[in-house]
Amino acid sequence: MNKHHDEVTAPRYGMVIDLDKCTGCGACMVACMTENNVPFKENETNKLDSIAWMRIFKISNREPFPKADMVYLPRPCMQCDGKHIGHPPCVSVCPATATDYDQGSGIVSQIYTRCFGCRYCMAACPYLARQFNWWDPHWPADTKKYLSPDVSPRMRGIVEKCSFCYHRLQRAKDRAYYEGRDTVEEDEYQTSCTQACPAGAITFGDLNNADHEVHGLKNDPRAFRLLENLDTNPKVYYMTGKKWVRQACDYHIKDEAAKTKAKPEQHG
Amino acid sequence: MKLDRRTFLTLGVGAAAGGALGISFTPLPWKMTDDGSIWTQNWPWTPVPPTGEVSERETVCTLCPGGCGVSVRKVGDRCVKIEGTKGHPVNKGGICLLGLSGLQFLYGPSRVHGPLKRIGRRGEGNFQEITWEEAIAEVAEKLSAIRNAGRPHSVACMTGPARGTVPALFTRFMEAFGSPNVFSNQDSWDTHRQVAKVMYGVDAYPGFDLENASLILSFGSGLLDGWGSPVHMLAGYGESRKSSARPQTRIVQVEPRLSLTAAKSDEWVAAKPGTEAALALAMAHVIIKENLYNKNFVAFYTRGLTDWTDENNRPQVGFARTVLENYSPVKMAAITGVDPQTVERLARQFAKAERPVAVCGRAQGDQAGEFHTFLAVHALNALAGNINRPGGVRIKAADDEAPAWPLAKGDSTSRAGLKRPRLDAVPVRRYPLAENLPHTFADAVLKGEPYKLEVLLVAGGDPGYFLPASSKVKEALTRIPLVVSFSPVYDDTAMFADYILPDHLYLESLRDVPSPPGLATCVIGLARPVVDPVYKTRHAGDSVLEIAKAMSGSVAASFPWGDYEECLREAMGDKWGDMEDQGYWKEQAAAPSWTETFGTPSRRFEFCPDLPQGGGRISVKPKAWVAQPLGDPKTHPLVAVPIQSMRLENGTMGAPPFVVKCMPDTVLEKDWLVVEVNPRTAKAYGIGDGNKALLSTSLGQALVMVLHDEGIMPGLVGVPAGLGHVGYDRFLRGKGANYHALSGAVEDPVTGNDVAWGVYASLRQA
C-alpha cells in the first residue's frame, strides 16, 4: 500500500508565487472569497477573526525614508507535506480526522462536518493559514444567490482554510474520466487565485510533473519557502530577487550557520 | 422486603455496574453525540446552494473605466462567479478585486430595488416606492413646467464620464431641452487631451504603448495602483518581469510616497509633491545641454525648440533657451529635493534608452493635472522622438467622436436657454481650453449666480462624494429643489435625491464601454446582459428616452428611437458587427507616420504652443515653481495628500463588502481612518504609532488613527481615499473619512481645472 502511495507518478500539487511580480492588488483574495463562499461581516478590521483563506501581508525593510522598501506576500494554505510526507503539523494534531493529507494530490483537506472546533490545528499551523468561524455566516439582501454549489457554506464553530480549490480538481477529474483519460492536464486544474492574478504572479501545477511549469520554477535560484527552518515542507514556494525579503521570511539568529553546525541532531 | 444496608449497597453497585455495562454496549449515547454534532452544524439558516445547469456568459465590466472583458459563471439562472475573459485584448484573462466583487453589487444590500421618491429629509435616505409610470410622469411633468416657464437653463445634468452613448443621450436631452449646463468628470486624460490639442494639434485622448517601452519614466502616475486600464497595466507589468533576471521594461517612479508602484519600480525618486514640472524640465535641460535629443525628429517634425521668428517676423524665445537658462538640475534641486547627479543620470538614461516614454497623471489619473507638468512631460517625449513609435506616445485620431445621430431638434425655448451662460461661466476668457469646470458647481448653486438652479439630473459620477469640498457639495444638493438620480446603488448623491430612477447594473444591460484610458489601441467594449434584471430597474438610456417622450414637442421629436438598443446600434455604426460577434471592436489602423501625425498649423510638434482663440503663447515657465495647495501653512503646517490604491477604490463605485473586507488594517481600524505619517513628523507632534489624532484642514476635520510609516516623506499626511461614504450599505457607510471633504479645489492657471494635489493640514493628538 505504501509503495503505491510513494509512486512518483502521484501528483503533488503546489504553487509558486513570484513576489517580484506580485503587486498586492488583492485580486487573489477576492477571487478566493467568491469561489469558496467565504462570508463577510460588518467589521473585518480585526484580522484575527476575519476569514480569508488567501491573505496578503505587507513586509517592509524597516529602512528610513527614502530607503524604505516593501513587498506584498500573498499567503494561502502552505499545504505542508510535513517532515515525513503526509504529516503536516495540523493533520497530526486533529483529534477528529477533520483535516487530512490526500496522498493522491498532496492537498490537506478540511472536512467541515467532522470539525468540532477545538482549534488545535490553528495552534499548530505556523502560517496562520486557518481561521475559526466565531459566528454563523450571514448573507445580506440577495447575496445568497451568488453562492456556489461546489463548496459547502460553513457554520459557526468550525475551522476553515484554503483547499487549493479542491472542487476544481474534482471537476477536472470528472471531465477526464468522462473523456476516458486518466490524467488531468495542467491547464484543466488551476486555482481561482492563480486564474485571477492580473500580473501572472502565481503559477500552479503538479510539483512532481516535469512538464508542469511549477516543477522548474521551484528549483529557481530565487525560490524559497516560508519558515523553512521548521521542516514543515510546504508546497507553496515564493520567488524574489530581494535578499532582505528572503531573510524576513524565515527565523534567523546571529551566527546561525556556526551554531546549527555545532548542534547534534535530536531524536525522540 | 427489608432494605438493609447490605442490600442497598449490593443493588447500588449492581445498578452502577449494569448501567456502565449498558452504556458501553448501547449505541444510544454515541448516536446522540454524533447526531448532536451534526445537528449543531445543520442549522436551517446555513444555506445549501441549489445546483443547476452550468453556463458561461461574456460581457464587459463597467465598475471602473478599465473596460475588462469578464465571463460570468451561471448555475441555473443565478450568477455565481465573475472571471476575466481569456484572451481579451484589454485584461488578457486577469481581473481585479472590484471586478470580482461585481455580484455583491448585483445581489447586494447597496442596490436600489425600484423607482423611489423621497419622503424624509434630504440625505436621510428615507424613500417611498413608486411605480415607473409615476416616476417618469412626475419627473417629466416637473421638467415641462420649468421649460414652459421659459427657464430651461435652470436644469443641470452631471453625466459622470464624458464618453459613451448613455452620457451622450443625457447631453442630447439637455440640448433639446435647452440647457447649457452639462457637466462631466475632469480627469488627467482630459488634461492630456488639452495638451494634445495645442502641442500635437490633435483633438483626441493620447495613449501610451507601455508594453513595448524599454524605459517608463512616471511622474507620479500610479501605474500599478489603478492608473489607466488597471488590469491591463498589471498584466503588462507581469509580462515585463517574465524573465526575472532582466526586466524588459525599466520603471522609474517619481513620487513623494513609497506607493505600490514606487515599490515595484526599478528606481524610486522621492521628489517633493507638486514639483514634477520642475523635475521634468531639469531633465530636459540635461538632454538639450548634452545634445542627447533625437536630432532627426526635432529637426524635421517639431517647432520651437530653438529660437525662431514667427509669421509676423517677431523673434521668439525657444524651449531650449528657456530651459537652459532657468532649469538647471542644481537650481531645481532646491525645489524638487532630487540631487543633480540623479537628475543627470536619469536624463541620460531616458535619452539613450531605445524606447523611452514619460507619463504623467497623478495616482489613478482620475483628477485633472497641472498643465505645465503635462507640457513638460510631452516635451520630454518629443525630445526622445518617441511619438507614434513602438513603446511611445500614441497620438490617435479621435476615437470618441460623438455618436452619429441626427441633430437634436430645437425650438425657440431651447435656443434661448442654450444662449444663457453656464453655471461655471465656461467659456472663461482666462481659461480658453476649459470645457467644463465641475468643481465650481457647489459655489454657483449656493450663491444662486448667475441664476438659481432648479433641477439637477445625476446620471453618474457620484458628485456628492467625489467633488472637492464635498461637504459644500452636499449642502448645495440640499438647496436644489429637485434632484433626480439614475444610480443603480445608494451612492452618496442618491441619498440626497428626490427621485431615484435606478439604472440596471452592467450585468443586466446592454451598453457600449468607451475605450479605456491610456491604451495605445482603441478597444470599444460591449456590455451585454448576462442575467435578467434582478429588481424593478430600468436602463438609464431608456429612462431618458421615456422622459423625453413624455414631454411633447421638439424634446420628444429629438428622440426618434423606440428604445436604447436602437440608438446604440445606430451610434456604433459599422463597429456594431464586431461588437456583437466578439464583445468588442478593436482599432486595426497602424499609427500614422510623423508626417501625418501633427495637426498644428505648422504640421509639427509645438514645443512652445499657442492657446486657441488668440489666447497667446503658453509660457514654458510657470508663474510659481510649485503649485500651492489650498489653505494656510502657518496654521496648517503639514500637507495631506490622498493615497489611491486598487484595494481602496477604482472608478466611482464605492467599495463592495469584499473590497472593504480586504482593506488592510493599515487603512481602516474599526471605523477609524488610518493615516500615514513619517515617524519623524509624528514624533515632532508628539503622536505615537497607533494614536488617535485630529486631522484638520481649512475645510473640515476628521478623527484619524496615525500610522508611523517610513515610506512617506516627512511633512506629509497620507490619507487613504475612498472611505467616509454616507450612502451604500452598512459594510461601507460611516467607515473612515472622506478625503474630498477635507480638500478643496485649486484652479490651474491655464485650464482652470481643479488640480489640487494636496491640502494644508494639521495634526493634533486627540
Side-chain angles (χ1 to χ4, degrees), chain A residues 18 20-21 23-27 29-31 33-35 37 40 42-47 50 52 56 58 60 62-66 68-72 112-113 116 136-137 139-149 152-158 195-201 222 239 241, chain B residues 37-38 40-41 43 45-47 49-51 75 78-84 91 94-97 100-101 103-104 107-109 111 224 231 234-235 237-239 241 244 258 260 263-264 268 270 534 646-647 657-662 664-666 668-670 678 710-714 730-731:
Chain A
D18 190 338
D20 295 340
K21 276 189 192 170
T23 66
C25 73
M29 290 175 81
V30 178
M33 290 171 188
T34 52
E35 178 77 17
N37 296 338
F40 55 95
E42 214 168 302
N43 179 359
E44 297 273 12
T45 64
N46 178 2
K47 300 301 178 191
S50 170
I56 296 176
K58 177 180 163 180
S60 105
R62 294 165 191 257
E63 293 280 337
F65 181 90
D69 195 5
M70 62 158 173
V71 293
Y72 283 100
Y112 311 124
T113 42
F116 51 70
D136 263 317
W139 280 278
D142 288 321
T143 48
K144 236 179 237 179
K145 281 192 187 165
Y146 72 57
L147 294 181
S148 160
S152 341
R154 280 73 64 188
M155 58 301 279
R156 175 180 57 194
I158 60 149
Q195 189 188 358
C197 180
R222 296 186 304 137
M239 298 209 295
Chain B
S37 74
I38 289 171
T40 56
Q41 292 172 354
W43 302 111
W45 54 82
T46 301
T51 53
V75 173
R78 304 183 297 123
C79 298
V80 300
K81 178 91 191 283
I82 299 179
E83 282 162 0
N91 52 318
I95 186 167
C96 77
L97 76 172
L100 280 157
S101 310
L103 299 179
Q104 292 196 321
Y107 297 123
R111 272 202 87 176
L224 306 175
V231 176
L234 295 178
Y237 179 77
E239 195 62 32
R241 311 279 135 162
S244 47
L258 182 71
L260 178 83
K264 299 310 293 184
W268 170 39
V534 181
M646 294 182 69
R647 301 261 298 267
F658 275 151
V659 176
V660 179
K661 177 170 176 154
C662 290
D665 48 9
T666 49
L668 191 66
E669 176 65 41
K670 293 202 177 73
N678 189 287
E710 286 288 359
I712 190 161
M713 182 177 274
R730 62 197 163 89
F731 300 92

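In this text the structure is predicted, and so the values were computed from the model without any measurement. Residue numbering restarts at 1 for every chain, and letters A, B, ... go by the order of the sequence lines.
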Do the side chains of A:Leu147 and B:Val80 get nearer than 4.5 Å, heavy atoms only? no
Which heavy atom of A:Pro66 sits nearest to which heavy atom of B:Ala270, and what is that distance? CB-CB, 4.0 Å
Interatomic distance, A:Glu63 atom CD to B:Glu710 atom CD [nearest 0.5 angstrom]: 9.0 Å
Would you say B:Val534 and A:Lys145 make side-chain contact, with heavy atoms under 4.5 Å? yes
Between A:Lys47 and chain B, with a heavy-atom cut-off of 4.5 Å, which part of the residue counts as in contact: side chain, backbone, both or neither? side chain
Over all heavy atoms of both residues, which pair between B:Pro49 and A:Ser148 is shortest? Give the atoms and the distance, please. CG-O, 3.5 Å
Tell me, for A:Asn46 versus chain B, whether the close heavy atoms (under 4.5 Å) come from the side chain, the backbone, both or neither. neither
Is the shortest side-chain heavy-atom distance between B:Arg78 and A:Pro149 below 4.5 Å? yes
Rounded to the nearest 0.5 Å, how far does OG1 of A:Thr143 lie from CZ of B:Arg111? 13.0 Å
Check step by step if side-chain contact (heavy atoms from CB on, under 4.5 Å) holds for B:Arg647 and A:Ile56. CA-CA 11 Å; B:Arg647 301 261 298 267; A:Ile56 296 176; 4.0 Å; yes
Using non-hydrogen atoms and a 4.5 Å limit, figure out which bit of A:Ser152 sits close to chain B: side chain, backbone, both or neither. neither
Using a cut-off of under 4.5 Å for heavy-atom pairs, which of A:Tyr72, A:Trp139, A:Phe40 has the most such pairs with chain B? A:Phe40
Mind checking ring-ring contact (aromatic ring centres under 6.0 Å, His included) for A:Phe65 and listing every partner two or more places apart, or none if nothing turns up? B:Trp268
Mind listing the closest non-hydrogen atom pair of A:Met155 and B:Thr46 along with its distance? CB-OG1, 3.8 Å
Mark yes when over 12 heavy atoms from residues, nucleotides or ligands other than A:Lys58 sit less than 6.0 Å from its NZ; otherwise mark no. yes
Is A:Met33 close to B:Lys661 at the side-chain level, that is, under 4.5 Å between some pair of heavy atoms? yes
Given A:Cys25, which of B:Leu260, B:Ile95, B:Leu234, B:Val231 fulfils the side chain to side chain contact (heavy atoms under 4.5 Å, CB included) condition? B:Leu234
What is the minimum heavy-atom distance between B:Gly238 and A:Lys21, and which atoms define it? O-CE, 3.4 Å
Atom group of A:Arg154 that falls short of 4.5 Å from chain B, counting heavy atoms: backbone
At a heavy-atom separation under 4.5 Å, does A:Asn43 approach chain B through its side chain, its backbone, both, or neither? both
Report yes if the side chains of B:Phe658 and A:Met29 come closer than 4.5 Å at any heavy-atom pair, otherwise no. no
Side chain to side chain, B:Tyr237 and A:Pro198, heavy atoms closer than 4.5 Å: no
Give the minimum heavy-atom separation between A:Ala27 and B:Leu100, together with the two atoms involved. O-CD1, 3.2 Å
Of B:Val659, B:Leu668, B:Val660, B:Thr666, the largest count of non-hydrogen pairs under 4.5 angstrom with chain A goes to B:Leu668
Approximate separation, where rounding is to 0.5 Å, of B:Ile82 CD1 and A:Thr34 OG1: 8.0 Å
Under a 4.5 Å cut-off applied to non-hydrogen side-chain atoms, are A:Thr45 and B:Lys670 in contact? yes
Counting only heavy atoms closer than 4.5 Å, note whether B:Pro50 contacts chain A via side chain, backbone, both or neither. backbone
Out of B:Leu103, B:Leu258, B:Val75, B:Asn91, which one racks up the most heavy-atom pairs below 4.5 Å with chain A? B:Leu258
OH of B:Tyr107 to NZ of A:Lys144, rounded to nearest 0.5 Å, is 14.5 Å
Among B:Glu669, B:Glu83, B:Met646, single out the residue with the greatest number of heavy-atom pairs under 4.5 Å to chain A. B:Glu83
Check each atom of A:Ala31 against the heavy atoms of chain B and say whether the ones under 4.5 Å are side chain, backbone, both or neither. both
Grab the two heavy atoms, one from A:Val30 and one from B:Cys662, that are nearest each other, plus how far apart they are. CG2-SG, 3.7 Å
With A:Glu35, which residues qualify under side-chain hydrogen bond (donor to acceptor under 3.5 Å, both in side chains), at least two apart? A:His167, A:Arg168, B:Lys81
Closer than 3.5 angstrom, by distance alone: can the side chain of B:Arg241 be matched with the main-chain N or O of A:Ala201 as a donor-acceptor pair? no
dist B:Arg730:CZ -> A:Glu42:CD (nearest 0.5 Å) comes out at 5.0 Å
